[in-house]
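Structure first, commentary second.
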2 protein chains.
Amino acid sequence: MAAKSVPTLEDVATRAGVSRATASRVINADPRVREAARVAVQAAVDALGYRPNRAARSLVKRGPDSIAVVVPESDERVFSDPFFSGTLRGVTQALASTPLQVVLVMGEAGDDDGRMGRYLRGGHTDGAIVVSHHQDDNLWRVLEQTQLPSVFLGRPYSEQATMPYVDVDNAAGARLATEHLLARGCRTIGTITGPPDMSAGRDRLRGWEEVLREAGRPTDLVESGDFTAAGGAAAMHRLLERSPDLDGVFVASDLMAVSAIGELSTLGREVPGDVAVVGYDDSPAATLSRPGLTTVVNPVSQMAGRAVALLLRLMAGEDAEPEVLSTRLVVRESA
Amino acid sequence: MAAKSVPTLEDVATRAGVSRATASRVINADPRVREAARVAVQAAVDALGYRPNRAARSLVKRGPDSIAVVVPESDERVFSDPFFSGTLRGVTQALASTPLQVVLVMGEAGDDDGRMGRYLRGGHTDGAIVVSHHQDDNLWRVLEQTQLPSVFLGRPYSEQATMPYVDVDNAAGARLATEHLLARGCRTIGTITGPPDMSAGRDRLRGWEEVLREAGRPTDLVESGDFTAAGGAAAMHRLLERSPDLDGVFVASDLMAVSAIGELSTLGREVPGDVAVVGYDDSPAATLSRPGLTTVVNPVSQMAGRAVALLLRLMAGEDAEPEVLSTRLVVRESA
DNA sequence: TTGAAAGCGCTAACAC
DNA sequence: GTGTTAGCGCTTTCAA
């Protein structure tokens, strides 16, 4: 009753009364095998429940075949914020001319030393693009340690991370938005931020602050919305409670902006009449929302394309420099 | 200028003037190495741009670490139909108590011998759950050939596929829906189907047909909507063109049903006053739509849970039988 | 603390 | 057609 662990090709061959090579041929559908041998091997495979060890196989085969898009977020968020689908589409498109498969790896931030880290260390992919990286996920450590070629989409939070990244100038984008609010005559301008533990969140807040400070305005009307719809609405609510005369708000993502507008209308405020709002992303929702959302363009798919380009360089053994894309404001009705 | 391909541990060791074993120790942060050796190896690693070959590593290490959710659909579809996010959530939850990471692998159907097949054959994951399988993707062939433990979520189209699956009784669900339409007095009942090359599409159509046939009604009011929003609206349009006195329609997915209702209202029909509509899935959209959508429950997350259970059995070397879950109708306002 | 050597399970010449 | 023989690149006893 010895628990003869997992059967190997050797076992199959022995049982079928052939050599390992022949067994291997049968399994790989090589035509030059006698029917009898084929049958015997097949029977042995079935009897033993043999399954090829893929590590061994790829050890001898070689060649890259996939890259991972790593998102330290819950699947819920990944599927609800169009930012991610946009990114994924961009990556997929950029990889269209290569034989590389994209795999999406999601997981709660902070679990990086759990399954995500283990997976990444497992070396199943030939490169990684990290998308919504947070301050305390140590993804960059794991990646650095395993030397897996990887690039960040969005500047990594930690200055220590050495891998290249592609980012958009988030602070500049926020400045554009805030200046627009100012130019249109808003007096009391708040902001709904992204998570403070992400560089995009911080940078956008900084841009808003800078403009307001330069204009000699107060910079205390700040509420965090965590890049979720519910968070955006709640933050809008708090903002209005703190400052009922609020007449302009810069929201750090369209997803939050749309729900903030909803909250505003629930609270009896008109947009842009009473409160002007500017979003960030220029996601599909921006066009569809009523009123149309004035927003900062986040060139997601362009960024994804650049990230892939950098990654491909890295995978080829060349090195790659960070890239920062510029952005612009799209004016619609909301501000 | 010889292109000394990828450096191996051997190269590192040689360059650092130590043995392979010591180099390995340094790389795996084994404490018992002299500082000098550590430094030398580290330098060699940097100089050579050495990266461990993960296949070799896992060949000697062992142990499963991930399963793939394979979806032969474009990322666009995957991100727009809540069916997929529901499934993924279910899988993730079911795997919560294990150390397994989920990776999502998407790709155009039919590309199965391209990157998707190559990836699957590459043996990067220890199991696979195939969702949304189509008639002519030969995924099941690939999976059978590589002996990768795998289960289908939704009965595979081909009878030849031998892997276990979990499915819901789609025909019974469709029957429930159609009977409801009949019971509520509809006289002219059409259907908007899913893709004919998927078992779910066929089965739901069959259920609708059966009920109508048993009731002695015509079964020709069939239009395909391909499980997309745009397809649903277009199909609705055609249906109404063909039969302006249509007063009931069974739509094979909520996503299509919601847009069909939109089309209906564009065309000046009231739901359920003029036309009653029943959807399929009971997705979040069903509750949110106006009027609320009467629909057949597709127990996505339960199915995902069962699929994971079967897969885990397979991975443990046990075998697993197909499972078919039952379903029920949720009556809201639309019919 | 280090090296030598023995595999991990598989595929691919190369001979027969 | 089929078996023999080398490795693929790495980790890990086992001695030294």
Side-chain angles (χ1 to χ4, degrees), chain A residues 4-42 44-45 48-65 118 121-124 126 145-148, chain B residues 4-42 44-45 48-65 118 120-124 126 145-148 317:
Chain A
K4 178 67 186 79
S5 52
V6 266
T8 76
L9 187 55
E10 180 78 58
D11 302 328
V12 172
T14 308
R15 173 155 187 148
V18 301
S19 74
R20 232 164 54 226
T22 300
S24 173
R25 291 189 186 103
V26 171
I27 286 167
N28 295 292
D30 188 312
R32 33 182 205 184
V33 233
R34 234 182 341 136
E35 190 54 20
R38 183 186 316 288
V39 173
V41 171
Q42 195 54 57
V45 165
L48 264 31
Y50 167 77
R51 267 187 269 132
N53 175 321
R54 289 168 305 260
R57 180 176 279 172
S58 41
L59 176 56
V60 59
K61 291 224 171 267
R62 323 296 202 88
D65 61 8
R118 192 161 32 239
R121 277 188 247 271
H124 301 292
D126 307 289
Q145 199 184 103
T146 63
Q147 312 246 18
L148 182 68
Chain B
K4 177 72 185 72
S5 52
V6 265
T8 77
L9 187 55
E10 179 78 58
D11 302 327
V12 172
T14 307
R15 175 160 185 140
V18 301
S19 75
R20 229 161 57 224
T22 299
S24 173
R25 292 189 185 102
V26 171
I27 284 168
N28 295 292
D30 187 313
R32 34 183 204 181
V33 227
R34 233 184 337 135
E35 189 54 21
R38 184 187 314 289
V39 173
V41 171
Q42 197 53 59
V45 165
L48 263 31
Y50 168 76
R51 265 189 270 133
N53 175 320
R54 275 159 281 257
R57 180 176 278 173
S58 45
L59 176 55
V60 57
K61 290 219 170 277
R62 320 298 201 84
D65 62 9
R118 192 162 33 237
L120 257 12
R121 276 188 247 270
H124 301 291
D126 305 289
Q145 200 184 104
T146 63
Q147 312 248 17
L148 182 69

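Chain letters run A, B, ... following the sequence lines, proteins first, then strands; residues in each count from 1. Below, each value reflects all heavy atoms present in this structure, side chains not excepted, and no hydrogens, waters or symmetry copies. Note that this is a predicted model, so its numbers are computed, not measured.
The distance from atom CG of B/Leu59 to atom P of C/dA6 is 17 Å, rounded to the nearest whole Å. Taking atom OH of residue B/Tyr50 and atom P of nucleotide D/dG9, one finds them 10 Å apart after rounding to whole Å. Put simply, CG on A/Asn53 is 10 Å from P on C/dT11, counting in whole angstrom units.
Sorted by residue number, the members of residues 23-35 of chain B with any non-hydrogen atom under 4.0 Å from DNA chain C read B/Arg25, B/Arg32, B/Val33, B/Arg34. Within residues 12-20 of chain B, the residues having any heavy atom closer than 4.0 Å to DNA chain C are, in order of number, B/Val18, B/Ser19, B/Arg20.
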request  = Step by step, work out the side-chain contact (heavy atoms from CB on, under 4.5 Å) result for B/Val18 and B/Val26.
outcome  = CA-CA 11 Å; B/Val18 301; B/Val26 171; over 6 Å; no
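B/Asn28 places no side-chain N or O within donor-acceptor distance of the main-chain N or O of B/Asp30, the cut-off being under 3.5 Å. With A/Thr14 contributing its side chain and A/Glu10 its backbone, the two residues share a donor-acceptor pair below 3.5 Å.
Under the rule for a side chain to side chain donor-acceptor pair (under 3.5 Å), B/Asp126 has no partner lying at least two apart in sequence or in another chain. With sequence neighbours left out, the salt bridge (Lys or Arg N to Asp or Glu O under 4.0 Å) criterion links A/Arg51 to no other residue. Residues satisfying the side chain to side chain donor-acceptor pair (under 3.5 Å) test with B/Gln42, not counting sequence neighbours, are none. Listed by chain and number, the residues in a side chain to side chain contact (heavy atoms under 4.5 Å, CB included) with B/Ser19 are B/Ala21, B/Thr22 (sequence neighbours excluded). Judged as a side chain to side chain contact (heavy atoms under 4.5 Å, CB included), and not counting sequence neighbours, the contacts of A/Ala56 are A/Asn53, B/Leu59. Taking B/Arg25 as the reference, nothing meets the salt bridge (Lys or Arg N to Asp or Glu O under 4.0 Å) condition, with sequence neighbours excluded. Remark: B/Arg15 pairs with no residue by the salt bridge (Lys or Arg N to Asp or Glu O under 4.0 Å) rule, at least two apart or across chains.
Of the side-chain N and O atoms in B/Thr22, none sit less than 4.0 angstrom from OP1 or OP2 of C/dT2.
Here the side chain of B/Arg57 is nearest to one of D/dC10, C/dT2, C/dC10, namely D/dC10.
If one axis is set at each end of the helix from C/dT1-D/dA16 to C/dC16-D/dG1 from five pairs, those axes are 30° apart, to 10°.
Note that OH of A/Tyr50 and CG of A/Asp11 are 9.0 Å apart. Values are rounded to the nearest 0.5 Å.
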